[in-house]
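The block underneath contains the structure these notes are about, expressed in structure tokens.
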There are 2 protein chains.
Amino acid sequence: MSNRFDGGVHTAGTLAVASNTRTPSRPAARPASRRPRARARRTRPPVAPSDRATPGAPTRRCTLSTQRPTLADVAAAAKVSVSTASLAFSGAGPIAAATRQRVLDAATELDYSGPNPLGRQLRQGRSGIVGVVVGDALRRSFRDPVSVQVLDGLVGTIGPLGLGVLLIPGADELTAATVDPLVESAAMDVAVLLWGGTTDDPVLASLRRRGIPTVLVEGKQFTDMATVGIDDRGGVATATRHLLELGHTRIATVTLPFNRERREGVADEERMTALDWEITSRRLAGITDAGVTPVAVYETPASLVEHGADAGRALLSAPDRPTAIVCQSDLLAGGVVLAARELGLRVPEDVSVLGFDGLDLPWLAPDVLTTVAQPLAEKGAAVAHAVEDLLAGEMPPYRELPVSLRIGTTTGPVPA
Amino acid sequence: MSNRFDGGVHTAGTLAVASNTRTPSRPAARPASRRPRARARRTRPPVAPSDRATPGAPTRRCTLSTQRPTLADVAAAAKVSVSTASLAFSGAGPIAAATRQRVLDAATELDYSGPNPLGRQLRQGRSGIVGVVVGDALRRSFRDPVSVQVLDGLVGTIGPLGLGVLLIPGADELTAATVDPLVESAAMDVAVLLWGGTTDDPVLASLRRRGIPTVLVEGKQFTDMATVGIDDRGGVATATRHLLELGHTRIATVTLPFNRERREGVADEERMTALDWEITSRRLAGITDAGVTPVAVYETPASLVEHGADAGRALLSAPDRPTAIVCQSDLLAGGVVLAARELGLRVPEDVSVLGFDGLDLPWLAPDVLTTVAQPLAEKGAAVAHAVEDLLAGEMPPYRELPVSLRIGTTTGPVPA
DNA sequence: AGAGAGGGTCGAATCGATTCGAGCAGGGTT
DNA sequence: AACCCTGCTCGAATCGATTCGACCCTCTCT
């Protein structure tokens, strides 16, 4: 039952590539003792033989290993020197319009599609690549719109600078000892750690060892790395005061993970000492700053709706339930609201819920979260500027972006 | 009110890099007419002066432009040849354990952190980079878990192969004429187009011109590019038959965008002719295959909850409303369900809703979508294998993954 | 007419590795 | 003793560009 279209066939009519008549051009004076290897442009082997070759399948060869023309070929065809040909493409330096055109024509003729980036990169000592280490498996990381929006802001700002973003999976939660090979050996001019690491982060250690300038987003601050953060502590404090003004006293909180372990459940005394992630402890501290001691601190393994729902169910079905719940992310808060609805509780009449991030959650309608909004796109742009600074050889100062309390429909006066 | 922590200061104690005593090693016999430039390892200029220099800010210089040691330095220190030193790192070739250790020690001593990837890449003619063109602004693209999960599957499979993913923003919807500079000139061995392009896609044209092997996900098929797809047409047909069996006859559909324009609203005759995107028309065709002519075709500008909600409100508040709505994505379906709830309609008693993708939507609880599930992680893996094939010089055959109807709680018998 | 200026080209070095085959030393075989 | 491996190491070419300064040629100015 394979209902598939056979899309229109459309092959670009490529001219046959001109022959490689380039002579090996050996150095003028050579020892002459050894005959130079007569490899006229050795064709590269097509990589590993790929052990998963489908037995009976028809293997069309594709045009990968075709000898592509080089700048030297173009220069020869245009009867100019390589340096002049280079100028024609880069535009960096004086070149006569006619010459330039001749080179460009020759390029078209030879089907040369511009200078090979690898050559350029080696020469310039720059790859033009910014490695972005996402804190976790993409699958999970990107379910959180926060990461995505920051990344989007980042890409939007560094793209025009001619930089590209290389996606690097962070350490797996359990096999945290090993670092992704990309961290160890990918070419990148700068690295960015979304959800900046902890002191012992092996990724950080690896980047340091490689001497790659790094930008941390929301992490601890180190003198040798740039940091971009937000005033989350102050934001949470403000938001908590808002709850106090509404008369709440029994306030619980739902937090982001404490550390790599990512446990789930109410944190006891002992667990509190294991709090390692900067972002979690800062937001927790915001509550204390407002003079509130949470009646319960519920740790979640990730900022996801389902974990928020679990937390909400647990906190709201306990006896002497809190009248307000401060959540460290909007997704968690959304989950808590869903749990409340599920338990037949009205929001905010029976329980107030506070989020963090300022996301737009259409599926929560008709409710609109009261939340501490952070400027996500700006954060991405700030990261981009930090990247730019590092590239220019400067260590940018710590940059803290402001947050703002946005009142929605999920917070209200304490129930009588 | 800046409540910020001053994170623990922690600087890696780097040894001073050994002096660069390497002599310029000019060719044995040289014309001697011109004195060779006496640049002993010219220090590279720190790039563009960055016109956005913050005036009064204290600019700490960072250690970017420090001369880093090269393999030659290490070889010299270890008193072996460069080739031997290379062997010590790459492990490709016979080398005595003692020699190897000596090289490694020398490397540690010099604070050399492994071969420069750029040199390797140039030599090997491979960048180890897979460019992934996301169809749109990341912000929007990644709000759709479908893209994210496929990307995750892809990264998970090609990561171990030593390949990295370069994120490339697709053409903006309006300025579609221009292509991202990365498409034009980034170093990549293979490109992947999530949401494969249409025939006239400028991105496709650019990649073709550059001769970069490409994998299309869910696009039209071309002979010169690899394609991975799913049996969405068959899946929609099966799902539609399910609705027929439940007795539905007034069936509407909510679709993905028709083309770059991304219009919103019920499509009239004329608009139907503008249907350009393969994926949309295939899923639409599935309905027809089941022998159903939709009572309304509602086009949305993107696969997002809010657009689904808009569609739902429009379709369900019309007179003679449909008893079932087939949606081309789960997010759209979720939005439709929310709209139904909003209008006081019960799902599935009053209206059945069918999704596509097989996502897990915790916020839709207690409802669980009936949906056509596609194997997203596998799709990512299939793309990865296609990439691998292209890298090995083979054009992989079209690969179509199966889908499966997953019955949830959002479809039921037609209302009496 | 000669000097000076300056636009345009070119040669050669260089970026940092990989890779191939040659060569060399030492041990085992006939 | 001659010979052949075997196992390591090394020299040199090469990947494909960029970039610097030298040089040449023409035009202008005095």
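Just so it is clear: chains get the letters A, B, ... in the order the sequence lines come, proteins before strands, and each one is counted from 1.
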Handout entry: Earlier contact from the 5' end, DNA chain D, for B:P94 and A:S83
Key =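 Whichever sits nearer the 5' end wins; that is B:P94.
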Problem - Contact nearer the 5' end of DNA chain D, comparing B:G119 with B:I95 - result: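 The residue whose closest nucleotide sits nearer the 5' end is B:I95.
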From the set [options], return the single nucleotide nearest to any side-chain atom of [X].
X: B:Y112; options: C:dA17, C:dG16, C:dC10; result: C:dA17
X: B:V82; options: D:dT19, C:dT18, D:dG16; result: C:dT18
X: A:T70; options: D:dT14, D:dC10, D:dA17; result: D:dA17
X: B:P115; options: D:dT19, C:dA17, D:dT9; result: C:dA17
X: A:A96; options: C:dT18, C:dG8, D:dT9; result: C:dG8
X: A:R123; options: D:dT19, C:dG8, C:dT19; result: D:dT19
X: B:S86; options: D:dC10, C:dT19, C:dG16; result: C:dT19

Exercise for the section: Considering just the side-chain nitrogens and oxygens of B:Q124, establish if one lies under 4.0 Å of OP1 or OP2 belonging to C:dT19. Expected result: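 Looking at the OP1 and OP2 atoms of C:dT19, one of them is under 4.0 Å from a side-chain N or O of B:Q124.
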Problem - Under-4.0 Å side-chain N/O to phosphate OP1/OP2 contact, A:T84 with C:dT9 - result: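 For A:T84, the contact criterion (side-chain N or O under 4.0 Å from OP1 or OP2 of C:dT9) is not met.
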Practice task
For residues B:L151 and A:L167, determine if any side-chain heavy atom of one lies less than 4.5 Å from a side-chain heavy atom of the other.
Solution key: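 Of all side-chain heavy-atom pairs linking A:L167 with B:L151, at least one is under 4.5 Å.
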Exercise for the section: For residues B:N116 and B:R68, determine if any side-chain heavy atom of one lies less than 4.5 Å from a side-chain heavy atom of the other. Expected result: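 A side-chain contact is absent here, since even the closest heavy-atom pair is not under 4.5 Å.
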Practice task
Would you tell me whether A:E184 and A:S206 have side-chain atoms, one donor and one acceptor, within less than 3.5 Å of each other?
Solution key: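 Yes - a donor-acceptor pair under 3.5 Å links their side chains.
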[X] [atom1] to [N] [atom2]: how many Å, rounded?
X: B:L118; N: C:dT18; atom1: CG; atom2: P; result: 12 Å
X: A:L110; N: D:dG16; atom1: CG; atom2: P; result: 14 Å
X: A:R102; N: C:dG8; atom1: CZ; atom2: P; result: 14 Å
X: A:R120; N: D:dG16; atom1: CZ; atom2: C1'; result: 11 Å
X: B:D189; N: D:dC15; atom1: CG; atom2: C1'; result: 14 Å
X: A:K79; N: C:dT9; atom1: NZ; atom2: P; result: 16 Å
X: B:L87; N: C:dG16; atom1: CG; atom2: P; result: 20 Å
X: B:L122; N: D:dT18; atom1: CG; atom2: P; result: 12 Å

Practice task
If a pair satisfies ring-ring contact (aromatic ring centres under 6.0 Å, His included) and one of its residues is in residues 69-88 of chain A, list it, with sequence neighbours excluded.
Solution key: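 Non-adjacent pairs meeting ring-ring contact (aromatic ring centres under 6.0 Å, His included): zero.
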Acceptor/donor pairs from residues 88-95 of chain B side chains to any protein atom, 3.5 angstrom cut, sequence neighbours excluded:
residue : atom : partner : partner atom : Å
B:S90   : OG   : B:S86   : O            : 3.3
B:S90   : OG   : B:A92   : N            : 3.2

